[in-house]
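Presented below is the structure to which this report refers.
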Amino acid sequence: MEHQYTSTEIKERFDEVSRKTLGQIDEEKSNGRDFQRTIENPKITGIAGDVIEHSILGYGSDTKQEADIEIDGKQVEVKTTGLTGELGNPESYKAKERITITNISPHKLVKETFETSSLWNKLENTFLVYYLYDSKKPVKAAEYANFPYLGYQLHEFPETDLKTIMNDWKIIQDFCLAQDVIDKKNEAQAKAYSAAKKSMMYLETAPGWKNGPRFALKQSYVTSIIKEHFTNQNIDEENNISSYAELDAFLSANSKKYQGRRVGEIAKELGIASSSKAVASKLIRHILEPNTGDDEVGIVEKSGMVIKARTMYSDGRKKEDCKFFTLDFDEFRNADGDVTETEAYRYFDNNQFIFPIFKKEGKAKTQDDTFVGFKRFSFSEEYLEEHLKPVLQQIQDLVANHKFEVTPKLNKAGEPIINKKTGTQQESNNLPKSRYNNFFLRGTSSDSTHKPLELNGYYIYNQQIWLKGQELLKLLDDVEYI
C-alpha cells in the first residue's frame, strides 16, 4: 500500500484544518491548486474529495477498486460526503446524497463471496470525511470553497447492519447468477434487475442496468451514520431484521393483536394522539422497534421506509389523495439534466412504502376507525417511467426554460377572486395538476398568506408531489396484506 499513516498522523493532519473551509484548506496546503481548476471547468465534479485527498492526505485521486489508504496497518477507503443542515447544530445534519462505493462487475461478482467482494474490500474500514453543503441551492464547483470542513470518522459497521448489507449484496449477486448471459442492452433483463434491486434495505444501485450500475449506501442509511457520529445517537443493534422478507414475517406475526381494533383504543395503549396518521407511524415503530429509544436510530430510519396511512371508506366516498414528497425545484434548473437522477425520482424508485390500512364505517369519527393490517409496496420502473418521469420532465421544462407562471383567478365577470378570510387574491399556476396526471403537484401551507418559495420571480407555497387516492387504491388492491 502506497499511502500509509498512523492514527496519530491522521488526527494531526485533520486537526490542522479544523474550523476551516475547503477553499482555505486548498489555499494553505496546495496553493489553491484544486479550486484554480474550477475557473476553466466550472462544472467539475468531486472537488471536495479532491481537496481532502490532495491537501490533507497528500495523495492523488484514483479509480482503483482497492482501498485508498492504510491506517495502522488497516486498508481504508476514503469517502468525502456533504451534509445539509445548520452549521453548529448537529441535530439538523443529514446526508446530502447517497455514498457511491464501487462499480458492479457482473462477471466478477458471480465468482465472489461477500468477504472477498470488491464491495466489502471498500466498506470493511470506511474513512468518512464530512463537510457542510452550506447552500440551499445547487452551486458551481468554485463555490464549494465556502463550505466548511466538519470532521471525520473511521466507521465500522455494526454486526446487525453488516448482515443486512450482505443480504443486499447477495440480491444483486443472485440476479447476476440467474442470467444465462449478461446483456445490459436486454430490455427484459433491465426490467428484472430494476425489480430485484427494490428488495435492498441499506444499499442501492445506480444508474440503471444499461448504464453500468454501482453499489451505494442509501442516503437514509448515511444519515443514520451521521446522527450517530455527531449527536451520539446510538444505532439500534437489537433488531435482527435484515431483509424485507424477514420484515414481512415479523410485521405479520406482531400486528395480529391490533387487527380489528379501533384507532382510539390503539392510541390509548400507545399513549399518542387519536388519529389514524399518528397511530400508523407509532404503531409500526412500536412493532418493529419496541426497544429503540428516542436517542437511537432504528430500522425504519436507516432503510428509508416510508409510512403512509390509508383509510378505506365503506360508503364509497372518493379516496383521499396521498401526499408524498416536498419538491426541491433547484434540481430542475438544468434543462439537460436527467430527471431520473433527481432526489424526487429516487424517492419513489428506491424506497419501500409501508401502508397501515384503516377502515371507516359510514361517517364514524376517526377514533372509531378500525385497523385492518399492513401492506408493503414499491413502485415498478414501468409505472414510474409512464407516470412520474413525464411529470418531472414537465417541471424541468417549466423551471429551466422559465416557462413557469402564476396568474390570478377570475370569476365569470372577469374580476379577481378574493379569499374572504385573509383578503388575499386567489391564484393558479401551470404546474402539473391532477386533472391530467396520476402524480401531480399541490402546494401546502398552514397560513394562506405565507408563500415562502420563490420560483422564476413568483412567490408560491411549498409544493409536494401527490398521487391520486383512487390510483393508489388500485395499486394497493393488487398487493396482499402482510
Side-chain angles (χ1 to χ4, degrees), residues 164 167 171 195-201 239-270 272 274-290 298-301 303-324 347-362 364-380 382-384 438 466-482:
T164 303
N167 283 345
I171 287 169
K197 73 174 187 175
K198 290 181 183 293
S199 296
M200 302 166 78
M201 294 192 85
N239 199 313
N240 293 317
I241 296 172
S242 58
S243 69
Y244 281 112
E246 291 178 3
L247 171 73
D248 290 348
F250 191 85
L251 273 179
S252 177
N254 289 276
S255 64
K256 285 183 170 58
K257 73 173 185 175
Y258 297 102
Q259 290 173 347
R261 293 172 63 184
R262 294 185 303 110
V263 164
E265 184 184 352
I266 298 173
K268 185 176 180 180
E269 182 176 316
L270 300 181
I272 57 174
S274 185
S275 76
S276 56
K277 290 181 180 179
V279 166
S281 180
K282 187 73 173 182
L283 181 58
I284 196 166
R285 282 179 163 82
H286 177 75
I287 292 173
L288 286 176
E289 305 169 350
I299 188 174
V300 173
E301 186 172 357
S303 65
M305 275 187 277
V306 180
I307 303 168
K308 289 289 180 182
R310 290 283 85 193
T311 300
M312 301 186 302
Y313 295 92
S314 62
D315 58 6
R317 270 182 285 167
K318 180 181 181 293
K319 305 305 179 288
E320 294 178 345
D321 297 331
C322 188
K323 179 173 68 174
F324 280 100
Y347 172 87
F348 292 98
D349 188 36
N350 292 327
N351 286 331
Q352 292 278 338
F353 297 83
I354 307 292
F355 291 95
I357 308 295
F358 298 86
K359 185 176 182 180
K360 182 183 289 291
E361 295 291 346
K365 295 180 179 179
T366 298
Q367 64 183 17
D368 293 322
D369 295 349
T370 56
F371 173 62
V372 181
F374 293 110
K375 290 191 175 188
R376 179 171 64 84
F377 175 78
S378 61
F379 290 93
S380 70
E382 293 85 355
Y383 190 85
L384 296 178
N438 288 338
W466 295 65
L467 181 62
K468 287 181 180 177
Q470 205 67 31
E471 180 68 14
L472 179 57
L473 181 65
K474 283 167 51 181
L475 293 171
L476 291 179
D477 277 347
D478 295 331
V479 180
E480 298 291 333
Y481 282 99
I482 293 174

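Below, all heavy atoms of this structure are taken into account, side chains as well, without hydrogens, waters or symmetry copies.
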Q.
Going by side-chain hydrogen bond (donor to acceptor under 3.5 Å, both in side chains), name the residues that satisfy it together with Arg376, two or more places apart in sequence or in a different chain.
A.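 Arg376 satisfies side-chain hydrogen bond (donor to acceptor under 3.5 Å, both in side chains) with Asp248, Gln352 only.
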
**Q.** Set of residues satisfying side-chain hydrogen bond (donor to acceptor under 3.5 Å, both in side chains) with respect to Asp349, sequence neighbours excluded
**A.**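 If we apply the side-chain hydrogen bond (donor to acceptor under 3.5 Å, both in side chains) test to Asp349, skipping adjacent residues, the hits are Lys198.
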
Q: Report the residues that fulfil side chain to side chain contact (heavy atoms under 4.5 Å, CB included) with Asn438, sequence neighbours left out, ordered by chain and then residue number.
A: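 Side chain to side chain contact (heavy atoms under 4.5 Å, CB included) list for Asn438, sorted by chain: Tyr383, His387, Leu467, Lys468, Glu471.
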
Do [X] and [Y] come within less than 4.5 Å of each other through their side chains, counting heavy atoms only?
{"X": "Pro356", "Y": "Ile307", "answer": "yes"}
{"X": "Phe371", "Y": "Val263", "answer": "no"}
{"X": "Met312", "Y": "Ile357", "answer": "yes"}
{"X": "Ile241", "Y": "Thr164", "answer": "no"}

Q: Verify side-chain contact (heavy atoms from CB on, under 4.5 Å) between Asp369 and Thr311, making sure each step is shown before the conclusion.
A: CA-CA 8 Å; Asp369 295 349; Thr311 300; 4.2 Å; yes

Nearest 0.5 Å, please: how far is [atom2] in [Y] from [atom1] in [X]?
{"X": "Ser380", "Y": "Leu475", "atom1": "OG", "atom2": "CG", "value": "8.5 Å"}
{"X": "Ser199", "Y": "Asn167", "atom1": "OG", "atom2": "CG", "value": "11.0 Å"}
{"X": "Asn350", "Y": "Ser303", "atom1": "CG", "atom2": "OG", "value": "12.0 Å"}

Judged by atom type as modelled, is there a donor-acceptor pair below 3.5 Å linking the side chain of [X] to the main-chain atoms of [Y]?
{"X": "Lys375", "Y": "Leu476", "value": "yes"}
{"X": "Asp321", "Y": "Gly469", "value": "yes"}
{"X": "Arg310", "Y": "Glu320", "value": "yes"}

Q) Are Phe355 and Tyr481 close enough that their ring centres sit under 6.0 Å apart? A)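 No, the ring centres sit 6.0 Å or more apart.
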
Show the atom names and distances, to 0.1 Å, of all donor-acceptor pairs under 3.5 Å that link a side chain in residues 254-261 to residues at least two apart or in another chain.
residue: Asn254; atom: ND2; partner: Phe250; partner atom: O; Å: 2.8
residue: Ser255; atom: OG; partner: Leu251; partner atom: O; Å: 2.7
residue: Lys256; atom: NZ; partner: Ser252; partner atom: O; Å: 3.1
residue: Lys256; atom: NZ; partner: Ser252; partner atom: OG; Å: 3.3
residue: Tyr258; atom: OH; partner: His286; partner atom: NE2; Å: 3.2
residue: Arg261; atom: NE; partner: Glu265; partner atom: OE2; Å: 3.2
residue: Arg261; atom: NH1; partner: Lys257; partner atom: O; Å: 3.3
residue: Arg261; atom: NH1; partner: Glu269; partner atom: OE1; Å: 3.3
residue: Arg261; atom: NH2; partner: Glu265; partner atom: OE2; Å: 3.4
residue: Arg261; atom: NH2; partner: Glu269; partner atom: OE1; Å: 2.6

Q. Sequence neighbours excluded, which residues qualify as ring-ring contact (aromatic ring centres under 6.0 Å, His included) partners of Phe348?
A.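 Phe324, Phe379, Phe439.
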
Q. Please walk me through it: do Met201 and Tyr244 pass side-chain contact (heavy atoms from CB on, under 4.5 Å)?
A. CA-CA 7 Å; Met201 294 192 85; Tyr244 281 112; 3.4 Å; yes

Q: Could you tell me which residues satisfy salt bridge (Lys or Arg N to Asp or Glu O under 4.0 Å) with Glu361, sequence neighbours excluded, listed by chain and number?
A: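 Salt bridge (Lys or Arg N to Asp or Glu O under 4.0 Å) check on Glu361 returns Lys359.
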
